[in-house]
There are 2 protein chains.
Amino acid sequence: MFDEIFKNTGKTKSFSKGAILQSAGQKLSKAYYVKKGLLKSYIIDEKGKEHIFMFASEGWIVSDIESQAFKNETVFFIEAIENSQVVIVEVGEFSQSEKNQKEFNLILEALAKRIGVMQRRILSLMSASAKERYEYFLQTYPELPNRVPQKMIASYLGITPEALSTIRNKITKRH
Amino acid sequence: MFDEIFKNTGKTKSFSKGAILQSAGQKLSKAYYVKKGLLKSYIIDEKGKEHIFMFASEGWIVSDIESQAFKNETVFFIEAIENSQVVIVEVGEFSQSEKNQKEFNLILEALAKRIGVMQRRILSLMSASAKERYEYFLQTYPELPNRVPQKMIASYLGITPEALSTIRNKITKRH
DNA sequence: TTTATTTATTAATCTAGATTAATAAATAAA
DNA sequence: TTTATTTATTAATCTAGATTAATAAATAAA
């Protein structure tokens, strides 16, 4: 992970639950390393509906890598869903400093990892049912259901809270 | 893009339509730079159904970046859907050679671009209807419908060929 | 060419998940 | 506490897209 690079960059800020760290439409988006707490990044579609793109708990990084690289406006909102301590990293530092071989490989590895996560998500959205996606989510993030309201999990899975409730009911009933 | 890095690495190979360049389960996957022709990368799910992950025409690169970085078995098949000329790049060269600042930035930019494409795909799978995804596909890849059978476009969109046929019918009818 | 195979279209039926609505449970605010 | 707000559950109804099947059109093979 980016851990080694980001952990000690200073600039730790605290955010209360509900605080918005970044809004869609802003330029010059930053990278957020979560020391403590939990963030979500999400979009709001034309119908005003929220779609959670990712959760970030301790040790994770959230950022709109594409908008950083190309200096576009970001499409993502980022919000603290627990009281959180976050290291904010300017993108400039990231791309301009002299990189040694080791840092280069760390960054490549982190990007490759993220690409892998997204590939699996795309494939499962194309090929798996909501129930299968939920079960896969539970395996991948076993601790999140205790920290996150169900409607956010539904939003992450791309389904309605009602549908998730029904799925959970079915899973428990045929124990 | 990776163009500058890959274009002149030699080792151009020709593949006839229908040739399989890579199969799921193989280790040490390579990167494929398309000089001429058209490739598709896809998975086959447990039910034996094919899901196209991406198309790659002239100037594109296909590769399982995650499996390269972590030396896993790849999940992707890669197949030529036109007669194609492809530059095959060993992953080794890519990560081990000494990188200068310029190359470093090119690679970062290419990865960021790919991440952006995947982000948009995830968000549209979560929030858009099949019709909207098809219209977005037409905007993004206006030339592909002339080169690719419809059932492959359906597979890329995550729907059945029958559903795509119906959508196309609806779009033309209310001109 | 002729024949076989693959692809696209259309229609009927089905189903996973959306929508709407009402109620209960949990959480936050006063 | 009490009250207001948010979240989760359940049920009824609806709909986008899947499934099945039959037919036509296009492409590949003999």
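Keep in mind that this is a model prediction, so the values were computed, not measured. Reminder, nothing fancy here: chain letters follow the sequence lines and each chain counts from 1. What's counted below: heavy atoms across the whole structure, side chains too, no hydrogens, waters or symmetry copies.
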Quiz item: Below 4.0 angstrom, N of the basic side chain to O of the carboxylate: do A:Glu66 and B:Arg120 qualify?
Solution: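 Looking at B:Arg120 together with A:Glu66, the answer is yes, because their closest N to O distance falls below 4.0 Å.
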
Quiz item: Is it true that B:Lys151 and B:Glu162 make a salt bridge, defined as a side-chain N closer than 4.0 Å to a carboxylate O?
Solution: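 Judged by the 4.0 Å cut-off on N to carboxylate O distance, B:Lys151 and B:Glu162 do not form a salt bridge.
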
Do the side chains of [Y] and [X] get nearer than 4.5 Å, heavy atoms only?
X       : Y        : result
B:Phe15 : B:Gln85  : no
A:Thr12 : A:Tyr33  : no
A:His51 : B:Met126 : yes

Nearest-Å distance, [atom1] ([X]) to [atom2] ([N])?
X        : N      : atom1 : atom2 : result
A:Arg168 : D:dT10 : CZ    : P     : 10 Å
A:Leu125 : C:dA16 : CG    : P     : 18 Å
B:Lys170 : C:dT10 : NZ    : C1'   : 12 Å
B:Asn146 : D:dA26 : CG    : C1'   : 16 Å
B:Arg147 : D:dT27 : CZ    : C1'   : 19 Å
A:Ile171 : D:dA8  : CD1   : P     : 16 Å

Exercise. Any strand is fair game: report the nucleotide pairing with C:dA24 by Watson-Crick or G-U wobble, both distances under 3.5 Å, or none.
Key: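 Because both required distances fall under 3.5 Å, C:dA24 counts as paired with D:dT7.
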
Practice problem: Provide the Watson-Crick or G-U wobble partner of C:dA30, both distances under 3.5 Å; none if there is no partner. | Solution: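 By the stated definition (distances under 3.5 Å), D:dT1 pairs with C:dA30.
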
Practice problem: Check whether any side-chain N or O of A:Asn169 sits under 4.0 Å from OP1 or OP2 of D:dT9, and answer yes or no. | Solution: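 For D:dT9, neither OP1 nor OP2 has a side-chain N or O of A:Asn169 closer than 4.0 Å.
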
Quiz prompt | Of residues 148-155 of chain B, the positions that come close to DNA chain C - non-hydrogen atoms, cut-off under 4.0 Å | solution =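 Going residue by residue through residues 148-155 of chain B, the ones with a heavy atom under 4.0 Å of DNA chain C turn out to be B:Pro149, B:Gln150, B:Lys151.
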
Do [X] and [Y] form a cation-pi contact, if we require the NZ or CZ to be under 6.0 Å from the six-membered ring centre and within 45 degrees of the ring's axis?
X        : Y        : answer
B:Arg133 : B:Tyr156 : no
A:Lys131 : A:Tyr134 : no
A:Arg147 : A:Phe55  : no

Report each atom pair, protein N/O against N/O of nucleotides 17-22 of chain D, whose distance is under 3.5 angstrom.
| residue | atom | partner | partner atom | Å |
| --- | --- | --- | --- | --- |
| D:dG17 | OP1 | B:Ala130 | N | 2.7 |
| D:dA18 | OP2 | B:Thr160 | N | 3.1 |
| D:dA18 | OP2 | B:Thr160 | OG1 | 2.9 |

Quiz item: Hey, is the main chain of B:Val86 close enough, under 3.5 Å, to the side chain of B:Ser84 for a donor-acceptor pair?
Solution: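 No: the side chain of B:Ser84 does not pair with the backbone of B:Val86.
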
